[in-house]
Undergrad: 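I have a structure I would like to understand better, so I am pasting it below and will then ask my questions one at a time.
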Amino acid sequence: MNRRGSVLVMAGVLVVLMGLGIFAFQQVMRQRYLEAYQHHFGEVALTLAESGLAFGVEHLQESSRTPGTLFYDLLVQTPTADLGTPTLAVAGPALEGLVEALGDEATLEVDVILEGFGTFEDGAGLRGVVPDPREKVGNLSLVARASFRGVERVARLSQELRVVRVTPPVLSKFTLFLHGREEEELNLLSHDPQTYDGIPTLDGDPATPLVLHHRSDFYPAVVDQHFHSLASIFDPDFELDGGGLVYLGGEQNWTLNLMHGVGDGDYEELFQLRRTRYRWATDLPGVTHEYGLLFGFYDGVLESPQLGTAAGPPGTMLRRDGTPVLDGSSAMRLYGDVNDVSPTLVMGPVYRSYLAMRLLDGLWYPWMDADEFAALPMTPPAFASGGYDAYSQRMPRVVVEAYNRAYDYVSTNTESLVEGGRVEAEGTPFLPASALVPARLGRVGPASEAADEGFLYPVIGEEPRGRVRITREVQGASEDVFAGALADLDAPLMEALLTRRVTARVEDGAELLAEYVEDGALTLQGVVRVERGDLELPGVRVGAPGMILVDGNVVIQGAIQPSPREEPLTIVSLGGDIRVATDQPVHACLVSLRGRFLSQGKLDVRGSVAASSIDLRQLVRGGDRKDVRYDEGLDPTNEESYWKAFAVALSPSEKAFVSRR
Amino acid sequence: MISPRRTRRAVALVEVLLATLLVGMTAVPLYDMFTTSYRGAASTVERTRAVGFASELAEEIKAVPFAALGVTEPVDGPGWPDDQVADHMLTAPGQDADQLVDLGAAFEPLTGREEGYQRFLAIRSVSRRGDGSGQGDVKHVEVVVRWREPRARLQEDSELKLAFLTTPRRRPAP
């Protein structure tokens with residue numbers, strides 16, 4: 001057998017096999033090597049894309065709170081009907097810096113797509129509440145495309161986006177909005193007739209009234225002891241409805257006794273009465289001077305022998321209808337107080353009550369009925385001819401008139417003596433029926449065509465009932481806020497409107513505090529519903545616009561400090577009471593749809609209060625001040641405040657997708 | 001005259017020499033290819049492991065409360081992690097926040113195979129809008145992992161970098 005060349009052949013075969021094996025090994029290793037780099041580059045690109053998404057969300061949330069940015073203009077300022085389906089690029093130095101850190105081979109593009117946006121309701125069945133044209137709900141998609149050294153990654157994020165107002169519709173225009181009251185008696189406060197100042201009392205214990213303040217732009221430049229100069233600085237362009245309003249509703253009339261005083265006590269209300277004497281040319285025989293004066297109520301005025309009945313010991317004076325006059329003054333001061341006069345528009349069946357007094361040649365004549373007059377041992381000479389008819393027009397009596405007449409008195413308190421005061425008809429006050437200063441209403445209407453639409457609007461001096469229209473000026477155009485009856489804003493309607501706008505939910509109050517309070521700042525950025533239980537809110541600072549809806553009771557235990565950006569906070573109890581259990585300032589809009597507003601001791605609310613009722617007997621107890629100051633930042637008719645109540649919220653649930661393309 | 005037997009022996013010898021030469025000539029480059037591939041495989045393992053370390057570190061950083069990143073003083077509070085990584089999210093006092101901070105002992109090797117890796121971290125606060133008004137409302141984070149590959153020809157380190165942005169934590173989905 002010839003074996004020549006076999007070694008060479010074997011060597012050749014061996015070389016080929018080795019080569020093939022090593023070649024195959026090399027290919028596999030090369031593949032693994034490339035995959036490792038692909039994995040490395042892919043990880044860098046993925047991290048870049050995820051950063052783009054995170055930045056996009058943060059940028060969107062911050063820009064949506066910043067007027068002048070593109071996102072703010074689109075999401076907040078653009079009416080829902082005009083929004084369309086825009087796509088916007090997200091850019092910023094932070095993204096550029098990220099790409100730069102990775103070198104020239106890195107790229108990143110982030111886009112935002114808004115689609116499917118609509119309103120929360122179509123306006124039907126809202127009983128006059130006009131849906132805001134800029135509230136909206138729809139879908140937000142973020143797409144981040146990143147590449148690093150040729151390896152691409154795309155990350156997508158899809159979330160529901162809601163643009164909501166965090167102030168309750170219509171209610172936030174009111175300093176105090178009550179559907180009714182629990183306490184039958186309103187005029188709970190007694191006063192020492194010997195000293196007009198000092199702390200009033202209730203059942204012998206110190207008590208002070210609830211004082212409402214509606215605006216910050218009404219400052220009497222010169223305030224003398226008798227407010228004679230109040231109207232001298234009065235601005236005829238003053239809009240009575242420019243600040244917070246008052247609505248006191250229900251079936252019962254709210255008749256508030258004005259409080260007497262001479263300007264020294266904190267709670268006197270003589271600035272709402274004509275602090276001057278009216279003088280008539282009298283036709284009474286033997287009478288030289290006939291004067292009229294207006295007084296408020298307090299204990300003792302009615303005890304004066306000069307004002308008691310002539311037929312018996314000094315006692316309770318009777319009203320014209322024979323019912324006893326209620327002593328004391330009202331548990332509320334609707335127009336501020338003597339140190340902070342704050343007129344506003346009062347709506348609902350609200351009346352003010354005071355004493356109209358007469359002097360004939362310096363003599364008071366007491367109240368008496370016809371029988372008592374007839375039983376006088378001697379008819380006063382002045383009434384010898386006129387008899388009881390002439391007497392009844394000059395004896396003291398209680399005047400009850402629409403509370404808005406107070407505005408007339410505040411604006412016309414100038415003269416020290418009014419000559420020629422007319423002899424008015426029974427029950428009408430000294431001031432002429434038409435206001436001396438035109439009542440200018442800017443935002444509460446309706447327009448002149450009101451009569452055709454069946455509106456009665458609460459102008460000064462008229463019956464304070466009926467339907468109203470509230471408007472605002474936004475972006476140069478007039479928009480309706482409300483056109484209906486305030487009594488129709490009941491709990492079921494308000495609850496439906498508010499719960500429809502919920503942007504996040506928590507189980508209970510503890511979870512709310514854990515999730516939304518950080519470093520003392522309450523950062524809601526939307527409407528958060530507490531699903532069950534009560535809420536006990538400690539002292540916090542408002543960090544973002546927000547509304548809390550609580551099924552149960554709400555207890556505010558500490559100060560609520562305002563947002564540096566003046567963004568509002570609303571706290572709503574859907575079924576329980578709201579109690580302010582702190583004497584610290586509370587900057588919030590407080591709403592109890594079905595319950596009561598409660599407080600005890602010092603009260604300092606700087607926002608607004610709306611409730612089904614109020615427990616006045618409990619609230620007035622204690623000698624501290626109780627103030628509710630309207631926060632003009634809640635005013636839905638003021639354009640600057642209007643924009644600050646918007647919150648843009650992304651739903652917690654999200655859908656995220658990552659792909660290689 | 002040469003005998004046929006001697007001729008056969010000479011041819012056989014030549015064959016062996018040629019075969020040896022052939023094997024030798026191919027073995028060297030084949031060996032070189034083999035070692036290169038093997039080194040590449042080792043590099044693959046190292047790089048994959050480095051990517052894993054960097055990703056793990058990035059995820060840990062993302063879980064740290066936003067306010068605790070890149071500050072010069074230790075921070076503490078409920079819910080903030082107290083492990084070594086969190087402690088080392090700080091820049092050293094007085095140090096430029098852009099400088100890479102060696103995490104050093106923050107990452108104790110869990111296994112012997114983690115030896116030889118160094119992990120660095122840089123955190124800087126940047127304004128979202130770049131106009132200086134944001135006061136650091138996003139944070140730019142760079143994670144760098146360095147290692148020296150085994151059997152590396154050149155005595156120099158390999159490095160990979162992950163750069164990302166972190167923002168104030170959003171509410172988790174219920």
Side-chain angles (χ1 to χ4, degrees), chain A residues 3-12 14-15 18-19 21-23 25-30 32-33 35-37 39-40 43-44 47-48 50-52 54-55 57-59 61-63 92-99 101-102 106 504-507 514-516 518-519 650-654, chain B residues 8 11-12 14-16 18-23 25-27 30-31 33-34 36-41 43-48 50-52 54-55 58 62 65 67 77 79 124 126-131 134 137-138 140-143 160-168 170-174:
Chain A
R3 293 179 294 169
R4 276 189 294 187
S6 61
V7 175
L8 203 56
V9 170
M10 285 172 59
L14 180 64
V15 165
M18 282 170 56
I22 292 172
F23 181 75
F25 177 75
Q26 189 263 352
Q27 289 297 310
V28 169
M29 290 302 106
R30 182 171 179 275
R32 294 290 179 269
Y33 189 78
E35 286 175 358
Y37 270 90
H39 174 57
H40 169 194
E43 195 66 21
V44 174
T47 305
L48 205 56
E50 289 176 343
S51 293
F55 179 85
V57 170
E58 182 68 20
H59 183 71
Q61 289 183 328
E62 182 60 28
S63 298
L95 292 181
E96 293 166 8
L98 200 61
V99 171
L102 294 170
R505 298 174 190 275
V506 293
E507 274 294 314
E515 285 297 318
Y516 292 97
E518 191 169 344
D519 293 335
L650 291 170
S651 64
S653 59
E654 57 190 58
Chain B
R8 282 199 296 275
V11 170
V14 169
E15 282 183 14
V16 169
L18 283 177
T20 304
L21 193 63
L22 183 64
V23 171
M25 284 174 60
T26 54
L30 286 177
Y31 175 75
M33 188 187 296
F34 174 79
T36 301
S37 299
Y38 182 78
R39 198 177 301 120
S43 173
T44 299
V45 171
E46 300 297 334
R47 183 169 297 273
T48 303
V51 171
S55 301
K62 289 176 185 176
R124 61 174 181 268
V126 295
S127 165
R128 186 181 301 105
R129 289 184 288 277
D131 56 2
D137 43 15
V138 296
H140 174 120
V141 182
E142 293 180 17
V143 169
L160 71 86
K161 178 195 290 186
L162 290 183
F164 58 94
L165 298 177
T166 183
T167 58
R170 288 184 291 141
R171 307 294 170 200

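Reminder, nothing fancy here: chain letters follow the sequence lines and each chain counts from 1.
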Undergrad: Of all heavy-atom pairs between B:A19 and A:V7, which one has the smallest distance, and what is that distance?
TA: CB-CG1, 3.8 Å

Undergrad: If you compare all heavy atoms of B:F164 against all heavy atoms of A:T47, which two are closest, and at what distance to 0.1 Å?
TA: CB-CG2, 3.3 Å

Undergrad: Measuring from atom CD1 of A:I22 to atom OG1 of B:T26, what distance do you get when rounded to the nearest 0.5 angstrom?
TA: 8.5 Å

Undergrad: Given that the side chain runs from C-beta out, which part of B:A163 has a heavy atom under 4.5 Å from chain A: side chain, backbone, both or neither?
TA: both

Undergrad: Do you know the tightest heavy-atom contact between B:V51 and A:H39?
TA: CG1-NE2, 3.4 Å

Undergrad: Just jot down the side chain to side chain donor-acceptor pair (under 3.5 Å) partners of A:Q27, sequence neighbours excluded, or say none.
TA: none

Undergrad: Which heavy atom in A:F55 sits nearest to a heavy atom in B:V138, and how many Å separate them?
TA: CD1-CG1, 4.1 Å

Undergrad: A side-chain contact here means heavy atoms from C-beta on lying under 4.5 Å apart; do A:L95 and B:L165 qualify?
TA: yes

Undergrad: For the atom pair OG (A:S51) and NE2 (B:H140), what is the distance rounded to the nearest 0.5 Å?
TA: 9.0 Å

Undergrad: How far does OG1 of B:T48 sit from OH of A:Y37, to the nearest 0.5 angstrom?
TA: 10.5 Å

Undergrad: For the residue pair A:V44 and B:K161, establish whether any side-chain heavy-atom pair is separated by less than 4.5 Å.
TA: no

Undergrad: B:L22: which residues meet the side-chain contact (heavy atoms from CB on, under 4.5 Å) condition with it, sequence neighbours left out?
TA: A:V15

Undergrad: Top residue by heavy-atom pair count (under 4.5 Å) with chain B, among A:H40, A:R32, A:E43?
TA: A:H40

